[in-house]
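Here the structure is laid out as structure tokens; the discussion comes afterwards.
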Amino acid sequence: MCNIEEATNQLLDVNLHENQRSVQVTKSDLTSESELLVTVGATVPTGFEQTAADEVREKLGSPCKISRDRGKIYFVISLESLAQVHCLRSVDNLFVVVQEFQDYQFKKTKEEVLKDFEDLAGKLSWSNPLKVWKINDSFKKKKAKRKKINQNSSKGKINYGQEVKIDQRNDKRDFTSHASDSHILDYYENPAIGEEVSTLVGDDLASCKDETDESSKEETEPQVLKFRVTCNRAGEKHCFTSNEAARDFGGAVQDYFKWKADMTNFDVEVLLNIHDNEVIVGIALTEESLHRRNITHFGPTTLRSTLAYGMLRLCDPLPYDIIVDPMCGTGAIPIEGATEWSDCFHIAGDNNPLAVNRVANNIASLLTKSQIKEGKPSWGLPIDAVQWDICNLPLRTGSVDIIVTDLPFGKRIGSKKRNWNLYPACLREMSRVCTPTTGRAVLLTQDTKCFTKALSGMRHVWRKVDTVWVNVGGLRAAVYVLLRTPEAFVHPSEQDGERGTLWCKE
């Protein structure tokens, strides 16, 4: 990975047109820029904000603030720490904060509010955030393809409740016609609240000037950056929509920088995050969510790597711990664990042979990627995959330190009816293989009613320490943190035998 100076040297020729002036980074500015402090925002799995904040303090040594808007954290770093930010395991998307308004005073009418958004673009200090964006280009993970949501455009309509007039006599430029046919909704992985997300419409920002003159200018003028504006809005007291805010604010941004609007092949993504009275303007630093890092072979349900990391941190792994995922699916949890906690041994197991095969393929893909990156053969990962029955694990009693797994929700896999028998049997077998007193379990499930009932019958071997409420694919789920009690495991058949003996003595 390039350091700050190398990245800056590679990007000296990139022009950022701010008020028709170029923002240049020169070697003489390197010292001051490396010491520049900027605020970075990050979206994280809802419910794991505190876990992400702890990772930031631990790895970057930076103070971290948890936003009122669930699923977001903010921290201050110097530019020399920018590469390390991309190595955080608990964050999904990153953006640099242009300006934050803690208590933004919205006007009473929609017209006044939108006019304020238009005026806001010219009042913000864009220089430092754009420097961060430019240097960040060498660090960020590139996105190969963008998923499009095609809209009915035969009549020139876009799914924003607006009609766009199309001149059939002239050939439109590629980005204009393409934007009218499709748009991107970028949710930034925060479905926990009723959040409205909208992306600026290219035709609304397209210049009405003569296109012949414009195309001739493009041949002689230096390349102009392409951009889009994404508005993430949450709250019920707003008199405007996300689409309207993105449209008017984006139009002002275009007028200010003289950039081109492009909804798909953009260089800069400007973010307008609105949560009740909190307004934050930022510039995206990631093209693709950082949770897309380990899994190449997907199953019916694949847990996000960032969520897997958060679950593993809850159980506080120690060196030489044996960590087991008895229902591993594609292996997201043990693979994340083997990557981050390489001084532990991780076992991935599942009763489905297809799932075990996916885990093996994901491990092989990760090893191949590691070999290519390091340019030498890899020593491998402390992980293994096994096919087994969750209710009859081929493990010695008391041999496992930690169990971390994603239990079947009873929706895509299994059923809620089967969970009433499965959950008690799982907890019983987990209590057998887990070490008394020190053993821990972190279990994720959306079927909380069934799990609570099953746990109530296992209180002699499991003690609930904490419950973390998370959002998984729009479903409210719970992560239960359990501690193994000192009581030794007694098989149900042995318990029945003891009770029979006591009854005979009486």
Side-chain angles (χ1 to χ4, degrees), residues 45 47-48 51 303 307-329 331-338 340-341 344-351 383 386 388-410 414 419 421-470 472 477-492:
F48 281 100
T51 302
L303 196 67
L307 190 56
Y309 176 84
M311 293 175 63
L312 285 160
R313 275 192 73 104
L314 288 177
C315 58
D316 192 21
L318 300 174
Y320 316 117
D321 276 349
I322 304 298
I323 305 176
V324 174
D325 182 353
M327 292 177 279
C328 65
I333 294 174
I335 290 176
E336 182 68 23
E340 186 68 9
W341 288 274
C344 301
F345 189 75
H346 306 263
I347 304 176
D350 204 286
N351 68 334
I383 186 174
V386 186
W388 58 28
D389 177 9
I390 176 60
C391 300
N392 188 23
L393 297 174
L395 299 171
R396 190 173 65 249
T397 300
S399 61
V400 175
D401 298 292
I402 297 172
I403 295 175
V404 187
T405 195
D406 175 12
L407 296 170
F409 287 11
N419 284 349
N421 294 323
L422 177 64
Y423 282 14
C426 290
L427 287 173
R428 185 180 302 111
E429 184 66 0
M430 290 176 186
S431 68
R432 180 185 70 82
V433 300
C434 212
T435 307
T437 307
T438 59
R440 293 93 76 197
V442 177
L443 310 176
L444 168 67
T445 180
Q446 191 262 340
D447 195 353
T448 55
K449 182 178 179 180
C450 180
F451 185 86
T452 303
K453 177 66 176 177
L455 186 61
S456 65
M458 304 293 295
R459 288 176 179 167
H460 58 292
V461 289
W462 289 115
R463 180 171 63 87
K464 186 175 73 171
V465 177
D466 193 13
T467 303
V468 179
W469 294 97
V470 298
V472 182
V479 176
Y480 293 95
V481 183
L482 309 179
L483 181 65
R484 182 67 167 84
T485 66
E487 185 169 334
F489 175 81
V490 179
H491 197 275

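Below, each value reflects all heavy atoms present in this structure, side chains not excepted, and no hydrogens, waters or symmetry copies. This chain uses plain numbering: 1 for the first residue, then up along the sequence.
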Go through the steps for I403 and V433 under the test side-chain contact (heavy atoms from CB on, under 4.5 Å), then give the verdict.
CA-CA 9 Å; I403 295 175; V433 300; 4.0 Å; yes
Could you give the distance from CD1 (I335) to CG (L303), rounded to the nearest 0.5 Å?
11.5 Å
Pairwise side-chain contact, W462 with L443, heavy-atom cut-off 4.5 Å (strictly under):
no
Within-4.5 Å side-chain heavy-atom neighbours: M458 and L482:
no
Any residue meeting ring pair (Phe, Tyr, Trp, His ring centres under 6.0 Å) with Y309, in chain and number order, not counting sequence neighbours:
W341
Taking the side chain as every heavy atom from C-beta outward, state whether L407 and M327 have any atom pair closer than 4.5 Å.
yes
Let me see the working for L393 and R432 under side-chain contact (heavy atoms from CB on, under 4.5 Å), right down to the final yes or no.
CA-CA 9 Å; L393 297 174; R432 180 185 70 82; 4.2 Å; yes
Measuring from atom CZ of R313 to atom CD of E336, what distance do you get when rounded to the nearest 0.5 angstrom?
11.5 Å
May I ask you to test the V400-L395 pair for a side-chain heavy-atom distance under 4.5 Å?
yes
Would you say that P334 contacts I323 through its side chain, given a criterion of any heavy-atom pair below 4.5 Å between the two side chains?
no
Is there a side-chain contact (heavy atoms from CB on, under 4.5 Å) between F451 and L427 once you walk through the steps?
CA-CA 9 Å; F451 185 86; L427 287 173; 4.1 Å; yes
If you round to the nearest 0.5 Å, how far is CZ of F489 from CD of E429?
6.5 Å
For T452, the side chain to side chain contact (heavy atoms under 4.5 Å, CB included) test, sequence neighbours excluded, returns Y480
So, for A338 and I383, which heavy atoms are closest and what is the spacing to 0.1 Å?
CB-CB, 4.1 Å
Approximate separation, where rounding is to 0.5 Å, of T405 OG1 and D325 CG:
3.5 Å
d(I402 CD1, C434 SG) to nearest 0.5 Å is 8.5 Å
Heavy-atom closest pair, residues H346 and C344
CD2-O, 3.5 Å
State, yes or no, whether a side-chain contact exists between N351 and I390 at a heavy-atom distance under 4.5 Å.
no
Any idea which heavy atoms bring I333 and D406 closest together, and the distance?
CD1-N, 4.1 Å
What distance separates C450 SG from L455 CG, expressed to the nearest 0.5 Å?
11.0 Å
Test side-chain contact (heavy atoms from CB on, under 4.5 Å) applied to Y320 and L318, step by step
CA-CA 6 Å; Y320 316 117; L318 300 174; over 6 Å; no
What are the two closest heavy atoms between A478 and T467, and how far apart are they?
CB-CG2, 4.0 Å
Tell me, do L307 and L444 make a side-chain contact under 4.5 Å, heavy atoms counted?
yes
Could you check whether any side-chain N or O of T435 sits under 3.5 Å from a backbone N or O of S399, counting only pairs where one atom can act as donor and the other as acceptor?
no
Residue pairs fulfilling salt bridge (Lys or Arg N to Asp or Glu O under 4.0 Å) with at least one residue in residues 449-460, sequence neighbours excluded:
none
State, with a plain yes or no, whether a side-chain heavy atom of R440 is found less than 4.5 Å away from one of V465.
no
Correct closest heavy-atom pair for G47 and V468 would be O-CG1, 3.3 Å
What are the two closest heavy atoms between L312 and P317, and how far apart are they?
O-CD, 3.3 Å
